[in-house]
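These notes are about the structure you will find just below.
Counting convention: from 1, in listed order, for ligands and their atoms alike. Keep in mind that this is a model prediction, so the values were computed, not measured.
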Amino acid sequence: MRSKTSSRGFGLAAFGVAAALLGLALAGGTGLVRPAMAQASAPKVAGAWVRLPAATGRPAAGYLEITAAPGDALVAVSSPRAGRVELHSMSMVDGVMRMRAESRLAVPAAGRLSLAPGGNHLMLFDLAADVKPGERIPLKLRFASGSELSVSAEARTPGSAGGHSH
Ligand SMILES: [Cu+2]
């Protein structure tokens, strides 16, 4: 009699656990969880700025901080204020810093891709002649993951920090 009661109690407890697990499984299956995860890996950009060229007709350099999922990559940038935008990397070749056009700039494992003076940067060619310091230059970024992001970069005078010559 006693053992029968306790086994019934155990049966109810087991049912409770199964129901809780089922509840978790259902919660995981709803769309409630997924947008939050997608948002965590969606690219974000901070501190975008463009250093205007010292002479008209020369390209401008663009810098920004990207936070995105490791393994994702910046693959294209366009701007209504520039004829074309290239992705450039910098590396030391025979003791001289050289820049090179890249088809993609990969997001490192830490999830942070930094485009800064002396390193990776954007190169804006055929800049509109009337771009002035202080203007916000719209940039559209496209990532390997398919994400697209529109940001604006503040145009700064040619003398702004970070030497860069072409
Ligand atoms: Cu460059």
If you consider just the N/O/S atoms, which atom of H88 is the closest one to the Cu ion (ligand 1)?
ND1
Side chain proximity check, L139 to L124, heavy atoms < 4.5 angstrom:
yes
Is the Cu ion (ligand 1) less than 2.8 Å from at least one N/O/S atom of M90?
no
Does any N or O in the side chain of S79 come within less than 3.5 Å of the main-chain N or O of P138, such that one atom is a donor and the other an acceptor?
yes
Check whether any side-chain heavy atom of V77 sits under 4.5 Å from a side-chain heavy atom of M123, and report yes or no.
no
Evaluate the side-chain proximity of L115 to L87: yes if any heavy-atom separation is below 4.5 Å, no if none is.
no
Please report, to 10°, the angle around the Cu ion (ligand 1) from atom NE2 (H121) across to atom SD (M123).
100°
